[in-house]
Structure formats: C-alpha cells, structure tokens
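What follows is a single structure, written as structure tokens, with notes after it.
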Protein chains: 2
Amino acid sequence: MLSKSAKYALKGVLYLAMNTNEQKRVMAKDISGPINVPPSYIAKLLQQLGRHGVVSSIKGPHGGFFLTEENKKTPLIKIIDLLDGEYRLKSCMLSLKDCNELNPCPLHRLVGNVKSDFIRSLEQTTIAELVQDIKDGKSFLPL
Amino acid sequence: MLSKSAKYALKGVLYLAMNTNEQKRVMAKDISGPINVPPSYIAKLLQQLGRHGVVSSIKGPHGGFFLTEENKKTPLIKIIDLLDGEYRLKSCMLSLKDCNELNPCPLHRLVGNVKSDFIRSLEQTTIAELVQDIKDGKSFLPL
DNA sequence: CATATAAAAGATAAAAATGTCTTTTAATAT
DNA sequence: ATATTAAAAGACATTTTTATCTTTTATATG
Ligand code: FES
Ligand code: FES
C-alpha cells in the first residue's frame, strides 16, 4: 500500500511532532529506536523531508531534527507523495494510461470511490490533527 | 497499491475471461501483446495462478490457457493475495504489529473504514461479475 | 581560533521485485 | 512410435528498493 520509506517517514514525523519543538530537538540516531527504523535510514528520510520543508533541522552541538508549528500543518499526502511519488497511490488500479470516470477500467467502479475518499483524507489531514487525536486518546502510537 | 505482478495477473485473467473457454484456448505469447505484459512474465504468472486453480491450461498442440465457468467464480482478492501476499493490502498502514480497532494507530481512524470497504469489495466480487460489467458497457478494457 | 558535534551529501552494499532465457514434461497429430 | 507443440519448471539477469557506511559542511562551545 505504502512503501516502507513512506511508513518510516510518517512514523518519524509523528515522533517529531510529539516530542520536539523549536527548542527541544532530537538526533536521527535517537529517533531510530523509538520508531523502530534503522538509524541511517531514518536520517536519509528526514534529510529528504527537510529539503522540502516538512521537517526542520539544525546542525552541530545540540542540533537535531524538530517540527515547527508551521511544519505540523503539513498534510499527510505530501509526505507520501514525496517518498512514493504521486503515481503509486493515485494511478489506476490496473495502471491503464487513459482511464478516467468516463472510461473506467473494470476495477474502477469497484474501488474508484473508495480510493478517492482515501486520498482526500490524506490531503485534508495534517500532522497536527493526528497529534491531537493521540492527545485526545483517540489513537495510539506504539511505534 | 498493487504490485505490477498483481496488476498483470488481473489483466491476464480478465483477458482470458473475455476471450477463452474450455474449447477456445490461448497461448501465453498471444496474451502478451493485447494486455501489454512481457510474454515470459505473463507465462510465469499464469502458471502460478494455474497451480492454485485460478486459471486452467492444457499442454501441447492447440493447448494454452483458458478459464472455465468455475474459474470465473474466483473472487478478485484471491488473485491479489496470491501475488502480493495478504500482508500488503491488509496490514496496518504504518505496519504496526499489535494494532486493531481497540488500539488504532493514528492513520487507522483516517483510512481504516475506507480500506476495509475496499477489501470487502475485492472479496465479494468475482471475475465473472467484472466481465458482466464490461459486457453491459459499464466498464472498458483497453488493456 | 580550535575542537567537538550533528546534519548533509555521497558512495556502496544487500535484498526484493521485475524481467528473460533454457530445459523439461505433457499432450497432440502424423 | 515419432515429431511437434505448448505449458511447467528452473536458472539467470536487470532494476528498484531498502539499508549501511564514509566524507563533507554547518553550528556551537571553550
Ligand atoms: S480506470 Fe482503473 S482504477 Fe480508475
Ligand atoms: S492500526 Fe494502523 S491502520 Fe489500523
């Protein structure tokens, strides 16, 4: 469904959202354990997210990765699209080129609506909202 | 979403459903073109599906692959699970081990229902039903 | 300024998915 | 029976994804 990279990235960003801010940062190697992702792998992913303004970071002593309030407004789809490309989630289930509502493939009717609801959710939901759910006890994060 | 193998397999099976029966068979190399999948690749996939009773085949002159009426009753999920494993589609979006309705991860609320509707569709829909849609002009198959 | 720290960037390695090719087995037709 | 046909099976090659390791750059501190 999602690539490992996308899952790892989401876990990493959620961890940062829960545990950091402009002042309190955390190093890649210290995120690795809690979210159960290899240290150098999560480092790479966070760097990539940093380049696109999804996470913030500062080098050197007491540096590390963190999320600003602005960062937390990122919609989930941005993280997924960055790592998996738009194609993976949004393309036709059978990978047919010229398919749309007017020219639907056999699976379209079956899963088309479901899929677009799913994507709309990812577009409309931000990191901040997921964090709120966790704080409200609506969801849990045993990463 | 689905692996290439799963997409190829679905296209191959749909092609067989539309173009073959016990008497009229088609060789792997002749499916390749119409569904736009490498000949040796679709051959492998159909062999694998054959082992699990999803397609039928006969060796030798005038042999080839085909679908019986029985074969056409196969639910779509069987083809997908065979090639991708159940895990890919059905596991938690963040790949968390011990997660369920009572212990939902942050994405669960967001996509959980959508995802299970999707899976239920795949479980309840058979090849035969997709073929009927095509014959009724409800969907199209420019593979 | 010198040193230590930690991210950024780049190179390399391992594993999995995709794709191709060759040999073997089973069925048909001559 | 023998030759031909086509799937079955297995070996092999390529590409992509995942994972690790090394070097460079930026920042803070003494
Ligand atoms: S046309 Fe294939 S999923 Fe929409
Ligand atoms: S608990 Fe993660 S998707 Fe259900």
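A note on names: the letters A, B, ... follow the listed sequences, proteins ahead of strands, and every chain is numbered from 1. Here the structure is a predicted model, which means the values were calculated and not measured.
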TODO: In whole angstrom, give the distance that lies between atom CG of B:L45 and atom C1' of C:dT20.
DONE: 13 Å
- [ ] Salt-bridge test for A:K72 and A:E69: reply yes if a basic N is under 4.0 Å from a carboxylate O, no otherwise.
- [x] yes
Open item on the list: Expected output is a numbered-order residue list: members of residues 52-62 of chain B with a heavy atom under 4.0 Å from any atom of DNA chain D. What is it?
Closed with: B:S57, B:I58, B:K59, B:G60, B:P61
Task: B:M18 reachable from B:F66 in the ILVMFWY side-chain graph, under 4.5 Å edges - done: no
Task: Gap separating the CG atom of B:L14 from the CG atom of B:L141, nearest 0.5 angstrom - done: 6.0 Å
TODO: Taking the side chain as every heavy atom from C-beta outward, state whether A:T74 and A:V55 have any pair of such atoms under 4.5 Å apart.
DONE: no
Measure all distances between protein nitrogen or oxygen atoms and nitrogen or oxygen atoms of nucleotides 17-19 of chain C, and list the pairs falling under 3.5 Å.
residue: C:dT18; atom: OP1; partner: B:K4; partner atom: N; Å: 3.2
residue: C:dT18; atom: OP2; partner: B:S5; partner atom: OG; Å: 3.3
residue: C:dG19; atom: OP1; partner: B:K4; partner atom: NZ; Å: 3.4
residue: C:dG19; atom: OP2; partner: B:Y8; partner atom: OH; Å: 3.0

- [ ] Answer yes or no: side-chain N or O of B:Q47 and base N or O of D:dA8 forming a donor-acceptor pair under 3.5 Å.
- [x] yes
Open item on the list: If the threshold is 4.0 Å, N to carboxylate O, is there a salt bridge linking B:K78 and B:D81?
Closed with: no
Task: Candidates A:L67, A:I79, A:N71, A:L16 - the one meeting side chain to side chain contact (heavy atoms under 4.5 Å, CB included) with A:V54 - done: A:I79
- [ ] Would you kindly give the CG-to-P distance between A:L46 and C:dA9, to the nearest whole Å?
- [x] 13 Å
TODO: Round to a whole Å and report the spacing from CD1 of B:I42 to P of C:dT20.
DONE: 13 Å
Open item on the list: Counting only side-chain nitrogens and oxygens, does B:R25 get under 4.0 Å of the OP1 or OP2 atom of D:dA7?
Closed with: no
Task: Value in whole Å for how far the C1' atom of C:dA16 lies from CG of B:L83 - done: 15 Å
Open item on the list: Against A:S139, only a single residue in A:I134, A:L130, A:V131 fulfils side chain to side chain contact (heavy atoms under 4.5 Å, CB included); can you say which?
Closed with: A:I134
Task: Interatomic distance, B:Y87 OH vs C:dA16 P [rounded to whole Å] - done: 14 Å
- [ ] Could you check how far NZ of A:K7 sits from P of D:dT17, rounded to whole Å?
- [x] 15 Å
TODO: With DNA chain D as reference, determine whether B:A28 or B:K44 sits nearer its 5' end, using the nearest nucleotide of each.
DONE: B:A28
Open item on the list: Would the distance check show the side chain of B:R25 and the main-chain N or O of B:E22 forming a donor-acceptor pair, the cut-off being under 3.5 Å?
Closed with: yes
Task: Value in whole Å for how far the C1' atom of C:dA9 lies from CZ of A:R51 - done: 8 Å
Open item on the list: Whether the A:S95 and B:Y8 side chains hold a donor-acceptor pair (N or O, under 3.5 Å, no angle test) is what I'd like checked.
Closed with: no
